[in-house]
Amino acid sequence: MLRSLKLPFLSFLGLIAVGLVLEFGFSAFIQITALFVLVNMIMAMSLNLVNGTSGQFSLGHAGFMAIGAYVGAYLSQHWALFPEGLTALNFFVYTLLGGSLAAVFGFLVGQPSLRLKGDYLAIVTLGFGEIIRVALLNMDFLGGARGIHGIPTVPDGFGLSRFMAQYLFGSFWVILCFFFLWRLVHSNQGRGFLSVREDEIAAESMGVNTTAVKVRAFVVSAFFAGVAGVLSAYFVRYINPSSFGFLRSVDAVIMVVLGGMGSFTGSIVAAILITIMPELLRTVQQVTGVDLRMLIYALALVLVMILRPQGIFGSKELRDFWRKK
Amino acid sequence: MSDVLLDVRSITMQFGGLKAVDSLAFQIKKGQLVGLIGPNGAGKTTAFNMLTGVYRPTSGDILFAGQSMVGLRPYQISRNGIARTFQNIRLFRELSVLQNVLIAFNQHVKSGTWSAILQTQSFLDEEAELRSKALALLKVFGLDRKADEIASSLPYGEQRKLEIIRALATKPKLILLDEPAAGMNHSETHQLMETIAQIRKDFDLTVLLIEHDMKLVMGICENIIVLDHGVKIEEGNAQHVRSSQKVIEAYLGVEESV
Amino acid sequence: MKKLFFAILFSLPLLSGCTKSGDEIRVGEFGSLTGNDATFGLSTNKGIRLAIDEVNEKGGIKGKKIKLITLDDQGRDTEAVQVVTRLITQENVVAVLGEVASSRSKAAAPIAQEYKIPMISPSSTNPEVTKIGDYIFRVCFIDPFQGFVMAKFASENLKVKKAAILRDVKNDYSVGLADVFAADLKKMGGEIIADLSYQAGDVDFKAQLTQIRSKAPDAIFIPGYYTEVGLIAQQARDLGIKVPLLGGDGWDSTKLSEIGKEAIDGAYFSNHYTSESTDPVVRDFITRFQAKYGDTPDGLAAMGYDAARILILAMERAQEIKPNLIRDEIAKTKDFAGATGKISINENRDAVKSAVVVQVQGKSNKFVTTIHP
Amino acid sequence: MQDFVQHLVNGLSLGSIYALIALGYTMVYGILQMINFAHSDVYMVGAFAAYYAAKWLGIENQPGLMSLATLLVVSMVACALLGLTIERLAYRPLRKAPKLNILITAIGVSLFLQYAGQLVFGADPKVFPEVMPDITFFQWGDLSLRSSDFTVLIVALLAMVGLHFLIHHTKIGRAMRAVSQNSSVAAMLGVNPDRIVAMTFVVGSSLAGVGSVLVGMKYPKIEPLMGMMIGLKAFVAAVLGGIGSIPGAVLGGLLMGLSEEMVVAYLSSTYRDALAFGILIVILLLKPAGLLGRYQVEKV
């Protein structure tokens, strides 16, 4: 039990070290970018479980994110489980609940995956994302188009700056997400996901309940997408339905594809790249005068698909490169 | 009749106006090696698909160890103890040889999700045990040295073998082999047939074998069922089938048309 | 491998951060230069650039040129947060101009407030925006005022009893304005007999309009942007709807009549000024804008211009170019004669200015009446 | 009653636009089994091509058949060329790749066109030239029927018949069907699959060109992102009718238009956009092949 926490704990320490460097060596802009990197890491890893490991296809992940974000935002303004002094704990509860509601929707969206494959499923999930967005636009108690602003954020304290508090909170969930998914995928459950991706009919005849496996993939994935949503609500501190549009889902897909379908470390690296690349490209913009970032982004997507369709890592993980060397 | 393992009661499969299999009935006793033969398009694979739950028979019933299998999903049937291979190999192509076998073990795994997430001792022990079991099984077929290779990189004959190993790994009572010798030359086929006879003994199995070349099965099958146009035209031992006029006609008819 | 990425991540922004220098005044602008709202962001940007270029041509402020750093937020909230943080902590700007959309202003304002950098929004009309803190200003109307103006105009000048609303549900500006209009008209004894919605980007509104037609209202209030209103007007006319169409300052663009053609003629909307205006400031602005860009400014460009002008004047008045001093001077703005009318900043840091109601007549808008706050 | 008929006309008129664009999706899907996500952006480029052509030729204010024909040709040629280019550069290298890679590429191409459009054409909306005078030819009380409501419908039906003829009764159509069934076998029979696929894109994209001019006439506001929503809905319409089925696309389009109209008329305008996707999900769950399509079961 304790031993099983060793690696996560060490990784957490590693992230804390990075956080300290950011805290003392870098501007708030780099810091907020780092926070978004954390959110996108969770987003990419969670989508990877569906699109990469299980071979399903979701183009509506922003919808799960939206659900998480709205739950997290709404609860933090209206409800507290723990009294003053322990407010930080409340945020863990909100995040869990946000993820859970997203997981419920993941269960619902998982149902079509039982009957549909490939691009049909992609379109259905896209439709789901749009439905969520339109529904949120029409919900007055959630602010409609006005969104929710002034969302509280993870409280600082114990000598931590606000950035550090947010960063630690985010890192906690990143570690949780990574190790949860990693261990899930490297267990018999994970082999179930893989078998569904490779050949559903063969998987069924080997005794794999493909229905359950697919729904489970969607539920787990939606949970973490919801968590990513909650985190983004606490980091941006303002949400509205348009924040979770189609492009947000595409972002996540791009991260998974770029990192390599099925590679979790690949997703992480891609999340870092995709989050900071647009910021780096701003420097280009200052030279050219026009904003070419999205153009480059779109072009990169097509080129990756043509030149290296398996993504940076393919289905390999970072440690596989290690071993070879 | 307690030694009847599989009791197929008049199953029919209708696709639109076409009856692919028509009122097929037969029994397989425990421990038997049975051949299902017939010319191409006779309905052999359709029959397999009904037995394994891929198709639901339009009518009729399938009893396995006394229980009805009709309406169960393929994975449930697999868990009841029927395993199969596929005519057009269906391995998990991008996974390693070892993983292919491990997936087949899945239905017998005891550890739950949470023990995997928490990496409990029992989970780690079970994983290690599964791994050594899988390697042992691969060793029987001499594939243990290729355990970490990607399944699709194996030569054709070994892919066929791996499919059989994978089916065995589900610990079946009955194994259905769909043209296991397809694409093999004569000596390979011969070797394979011997292996099949061998595993039947070693794993205490009942085997149902599809083959469209009847000469192959004659040597090893105790009972042979002949299908033509979805209908059972003959059943019996090799001697009996070989001399049956109907069987000769069915095969000759096909050869003429080819 | 990871380390390499981090190395790249950190080195580039640092490089750009090094360019900071003492002989220029750095002013930041954030807006949607690409994405769904790009057309509004680009208009605003033109107005702002005009104002900055003008002052630089005259030698800048206190001998220093203004360097405008414009960053694109793609119309996304998260980007807005990132971009404003970048402007403030990386580019070291002394003030921020932006955004058009209230949503993104609301996302970004807390950051400006936290770092005590004054931020002026040219056209975010949602009341909440400036409530975020004492460093947040705006130069446009707020929804309650503009909604009141049109309700008053409808009820008093047009004698409207029964009105229909067609709102853009995707746009908080439109939703806010519609809510206020509905509430105020009811207070004035009117009635809302239909309240329907569309989403920005739609092209077909006949379903809603047919529905509205069946209720036979005296007027239809459409508080959206010109991009859709032109089409709405045309389709309303196709359906034989002849009652007046009413709108807000989002209508202000020459594109309105180009798209709507004669169908939009006779419609009324509230605005900051009219292009008919004889006010030399306004005339001057329009001439210079046309000279620079070759097209007629729309309302957003004019407000971008005014926001930048108010900031420039505040910097000129300030003892030193320091964010807190600039803030104080912006707050003192009184009777500034801008392209969008006479602006004073009140204690809520909102612009107090009178609204005009104009009537669309071909390419020009005819002045109808002025309504004071 | 008048209102109901009016809603009916509105719905058909809107639906015919969906139908016209859906034909392009279904055409490419039928032959290649790929969702050409960029189709709606090709349509956008077609509209701008016509816009600039009209400006350049000075016929923006000369409504008439001549102008209409000119702009249709310009737009069709522009779209066909663009479609060809996209196929050649982006899709052909992926002919053998997994479906999802192709879908992702298509999304990439779509984003590329949208953002390139914003840079090249500018983000502000442009006013489409008046090509044909729009007349009210029937008036009964409140009910008014306009020519533009029916032009698109008629063109969509003509295109449907034309495509059906092309695919089922011409040599090239036979080759297309052969490629769609099995491209390697088709190649052995002397059909050049690359050429056929290119042809498919030419035809599909020209349809987008026709659509763009007709829609431009009806809704004279064009902008770089104009294809996004209408494209998605047209795609849903194609799926609804049974993707790959030519009459299905038209049926699906009309049904989509009608149901959107009726939702606004008799339920609520706020959920109009959710409706399209709601229908999609329900249809796919109940009848994955769509109304007129055939669903292929994987062979074991």
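Chain letters run A, B, ... following the sequence lines, proteins first, then strands; residues in each count from 1.
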By a 4.5 Å heavy-atom criterion (distance strictly below it), what part of [X] contacts chain A: side chain, backbone, both, or neither?
| X | result |
| --- | --- |
| D:Leu89 | backbone |
| D:Leu94 | side chain |
| D:Phe235 | side chain |
| D:Val236 | neither |
| D:Ala90 | both |
| D:Leu286 | backbone |

Query raised in the report: How far apart are the closest heavy atoms of A:Ala298 and D:Gly108, and which atoms are they?
Result: CB-O, 3.5 Å
Report summary line: Nearest heavy-atom contact between A:Ile306 and D:Pro93 is CG2-CB, 3.7 Å
Which distance, rounded to the nearest 0.5 Å, do you find between the [atom1] of [X] and the [atom2] of [Y]?
| X | Y | atom1 | atom2 | answer |
| --- | --- | --- | --- | --- |
| D:Tyr115 | A:Leu295 | OH | CG | 10.0 Å |
| D:Met229 | A:Glu130 | CE | CD | 5.0 Å |
| A:Ile254 | D:Leu111 | CD1 | CG | 6.5 Å |

Query raised in the report: Is there side-chain contact between A:Val134 and D:Phe277, with at least one heavy-atom pair below 4.5 Å?
Result: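 Result no, sub-4.5 Å side-chain heavy-atom pair not found.
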Report, as yes or no, whether the 6.0 Å neighbourhood of atom [atom1] on [X] holds more than 12 heavy atoms from other residues, nucleotides or ligands.
| X | atom1 | value |
| --- | --- | --- |
| D:Arg195 | CZ | no |
| D:Arg92 | CZ | yes |
| D:Tyr52 | OH | yes |

Side chain, backbone, both or neither: which part of [X] has a heavy atom under 4.5 Å from chain D?
| X | answer |
| --- | --- |
| A:Leu307 | neither |
| A:Leu303 | neither |
| A:Val257 | side chain |
| A:Ala122 | side chain |

Query - Leading residue by heavy atom contact count with chain D [cutoff under 4.5 Å; candidates A:Leu137, A:Val124, A:Ile123, A:Leu301] - result: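 Heavy-atom pair counts peak at A:Ile123.
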Report task. Before giving the answer on side-chain contact (heavy atoms from CB on, under 4.5 Å), spell out for A:Val253 and D:Ile107 the whole-Å C-alpha distance, their side-chain angles and the decisive distance to 0.1 Å. Result -> CA-CA 10 Å; A:Val253 170; D:Ile107 292 176; 5.9 Å; no
Query raised in the report: For the candidates D:Leu280, D:Leu113, D:Val239, which exhibits the highest count of non-hydrogen atom pairs separated by less than 4.5 Å from chain A?
Result: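 Top count of heavy-atom pairs under 4.5 Å with chain A: D:Leu280.
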Query - Top of D:Ile104, D:Thr105, D:Val109 for chain A proximity - count of heavy-atom pairs under 4.5 angstrom - result: D:Ile104
Query raised in the report: What do the steps show when you test D:Leu103 against A:Phe57 for side-chain contact (heavy atoms from CB on, under 4.5 Å), and what is the final call?
Result: CA-CA 11 Å; D:Leu103 179 66; A:Phe57 199 90; 4.0 Å; yes
